[in-house]
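Encoded as C-alpha cells, the structure appears first; notes follow it.
Ligands are counted one by one from 1 in listed order, and the atoms in each one are counted from 1 as well. Heavy atoms only: backbone and side chains are in, while hydrogens, waters and symmetry mates are out. Counting begins at 1 with the first residue of the sequence.
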Amino acid sequence: MDSYIKKGYFTQKLDSAGNQHAELFQYDFSKLPIQPAKKDGKELMISVNMPGRKIDLQVWSAQVGRITVYLLDADQLSNRYEDRELTSQLYGGNQDMRIAQEILLGIGGIKALRALGIYPNVYHINEGHAAFLTLERLKELLHLGLPFHVAVETVRSATVFTTHTPVPAGHDAFPLGMVEHHLGPLFSEMPAHKQDILNLGLDKAKNLFNMTHLAMNTSGLRNGVSKLHGQVSRDMFREFHGNIEPGEVPIDSITNGVHMDTWTAGEWKKLFHQYLPESWSDHQSNIQQWQAVSIIPDESIWHVHQHLKSEMIGFARLNLMEQRRRNGESEQRIQEVHQYLNPKALTIGFARRFATYKRANLIFNDLERLNKLLNHPERPVQLIFAGKAHPADHPGQDLIREIYRVSQMKEFAGKIVMLENYDMNMARYLVQGVDVWLNNPRRPLEASGTSGQKAAMNGVLNFSVLDGWWEEGYDGTNGWAIGSTGEADWDTQERENTDAIYRVLEQEIIPLYYHQGEVPHSWISRMKHSIQTLAPVYNTHRMVEDYTTITYLPTANRSLRFVKNGYDLATKVADYKQFIKQNWHHVKILSVEDRAAKKTTEVLAGSEGPPAKKEITADVYYGPIWPPDTAVEIIYYEEKDGSWEQMIVNMQPTGDFLEQIQRFKASIPAHLIHGPHFSVRVRPISPNFIHSYELPIVTTTLQR
Ligand SMILES: *Cc1c(COP(=O)(O)O)cnc(C)c1O
C-alpha cells in the first residue's frame, strides 16, 4: 500500500464494455522537473499544527517560465501514515480529508512563503480551497498586536479572490464542529477570536462554514472567469451583499485564456511567423496584428490543417489499437482500426472531463438523424470523443459506457470513436487536428471552458452552447452557436439544443465544409475570421494583463498604503466600518416627496423638448453619522428594449444639516409618475473603499 502515496490523477483505461478503469501509479519525484526548495543550502521543511499532532511538509519548487511554483509534500516518514496521504491526490477522500488538505494548502502555504522570506503585496485565492491562508495572515497580524478588526482590514486590503464555480453545491462548506476541531490548534493561538473567525466563513442560512464566504469576507476585489459567469456569481452572492441590486454586487469578471505557445501547433506558429509581425507572440493580445491572417494563402492554411488532421488520426488509431490489444480482442478487430477515421471527412471533436452537466451524449439523442449525417455518401461526418470521469462519479462513467456502446454499433464503426486516457498530450492532438470543436454544457454551468480557446488558435471552428467564454467570443460568423442566450430549464435546453445541433450541422456546417472541393475557401475564410477574433483575446497574455491592471496593481497599491505608518490607513478604515456598523441603526429616511412634474424647458413649437422631470426630495435622519460618509440615491427602472434597466440617481444635499437631519434632492423623468415608481436608499461610502459597496449596509424606502 505505501507505494501509492504520490498518486496525482489517474490513468484511464477502457475495457471492451466501455467501463472506465482508474489506475493509479506512483510518481517518482526524481523523474519530475521539480527540485527541493532550499533555504541557506538546506532542504526546506515546514510544519502545520493539526489536532493532536503536527504535519511536516517538504517544500518543492518547479520553474514554469519565469515563475517559481512551490509545492507542499506531506509524504514524510515523520508523519502518521494517513497524514502522508493528504497531498497524494487531488479530489479524493471525505470532508475530513478535504478540510485537512485545505489547511495544509492555506496555512502551510503561508508558512512556506515565510520560511522562504517571501512577503507578497497581493494574495490571489483561486476558489475557496486556499482561503485558510487569510487566517494564518490574520494570526500573524494579531500577534503583532493589531486589534482584530484592523487585522481583518489589513488582510482584506491585500487579498483578491477568483470564483470558478457557478453552482452553490460546488463551493466547499464544512460543519462548524468540523472546522472547530481541525482549526483547534490555530484557534488556540488566538483564543479570543474563535467566534470572530468562525463568523468570517459563516453561511447563516445553512449554518455551515463556507470557504467562499471566508474568501469573500477577507478579499477586496473579486471576479468570475467569464462575463456570463460574473453575472451568475453576482446573482449567487447577492444576498451576501445585503439589499443591493444584482448588477451592483461587487464581483467583476476576467475571462480565462490559454497559453498560446503551449497549445498552438508548430506549423501554425510558422505561418504566423511568416505573415504576422516578427514579434507577434510577444504582442499576441494586439488585435490589429492578427488582421494579417487574411493574407495567408488558403492553400497554406489547408495544407497545415490537413497535416495536423492526419497526425491526429494516426494518434487516435494507435490509441484505439492499444485499447483493443490490451483487452485481448481479435487480430481482425485490431487491424480494422487502420481503416478507422477518414482524413477527408468532416471531423468533430468532443473531449473534456465527463461531468454530467457537459452532456457528452447530447448528440446521440436522435441516433437515426445522426446516422444519416455520419453515413452520408458524399458528405460524411465523424466524431471523436475522449475524457475521464471522476472515479466516484458513476453517472459520468455511464456516459463513457454509452459513448463506447454507440461507437461499437455497426453503422458507426470507425465513425464514432472513444479514445482512452484524455490528457494534455491527447488534447493537443485533438484541438489541433479536428475540424470542429463541439461543446454543449447545460447553460450557465460552464464557468468559462478553455478547450475551445485552444481549438480556436489552431483554426478549428467552435460549435458550442453560448455558455462561458463562448457567450462573449461568438460574433455570429467565427464559429457556430447551439441554442440561445435566453434562460431555460434543463428539459427545454435539452430539447432545443439537440434540435439545434442537428439543424446547424445539416444546414450550415456540413454544406460549408463540403463546398468548393479540394480547398474549401469559404470554410478557410471562417477559420481565418475565427483566429483573428479569438486568438488575440482568449490567451493568457490578455488574461494576465487584465488581472494586472484590474486587480493586482490596485490591490498592491492599496495594501501598501494600508500598512504604512503603523497600519494607519488600515486602522482608519477598520474604525470607520466599525463606527458605521454600530451606529447605522440611527439612519432613517424620514420622508420622501415628489413634486408635480415640471417642464425644465419650454417646449418649442414643432420640436420636442427634453422630457419633463419631477423633483424628489428626501429627509434623512443621521444620528451620529456624518452625511458626506453616505450616498443617498434614487433607484428607478427604465424600460429598454423590452427589459427593465436599473437607473441610479445620486441625490444632492440641499439646505443645512440641522438636528441631525439633512435634506437631499434630485430629479427623475416625470413619466415615472405612472407604473412602478422608485425607491430612495442611503448607504455608507468611503474614498478608501476599493469598491463602492465594500460595506454591505443599505437603508431603503419601500418602492413608492
Ligand atoms: C484544456 C483541458 C481541459 C479543460 O477543458 P474545458 O473545455 O475547460 O473542459 C481539461 N483537460 C485537459 C487535458 C485539457 O487539456
Glu472-Thr255 side chain donor-acceptor pair, cut-off 3.5 Å = yes
query = For ligand 1, does Val258 get within less than 4.0 Å through its side chain, its backbone, both, or neither, judged by non-hydrogen atoms?
reply = neither
Check: Phe237 ring centre within less than 6.0 Å of His171 ring centre = yes
task = For ligand 1, note which part of Trp263 has a heavy atom under 4.0 Å away: side chain, backbone, both or neither.
result = side chain
ask   = Is Lys358 touching ligand 1 with its side chain, its backbone, both, or neither, if touching means heavy atoms under 4.0 Å apart?
value = side chain
request  = Look at atom 11 (N) of ligand 1 and find which of Trp437, Tyr422, Trp469 reaches it with the closest heavy atom.
outcome  = Tyr422
task = For atom 13 (C) of ligand 1, find the nearest protein heavy atom and state the residue, atom name and distance (0.1 Å precision).
result = Asp423 C, 3.5 Å
Option from Trp60, Tyr27, Tyr70 for which side chain to side chain contact (heavy atoms under 4.5 Å, CB included) with Ile34 holds = Trp60
inquiry  = Please report the interatomic distance CG(Leu430) to CZ(Phe385), rounded to the nearest 0.5 Å.
reply    = 12.0 Å
query = Do any nitrogen or oxygen atoms of Ser451 come within less than 3.5 Å of a nitrogen or oxygen of ligand 1?
reply = yes
task = Note the single closest protein heavy atom to atom 15 (O) of ligand 1, along with its residue, its atom name and the distance in Å.
result = Lys454 NZ, 2.7 Å
request  = Tell me which protein heavy atom sits closest to atom 8 (O) of ligand 1, plus the residue, atom name and distance to 0.1 Å.
outcome  = Thr450 N, 3.0 Å
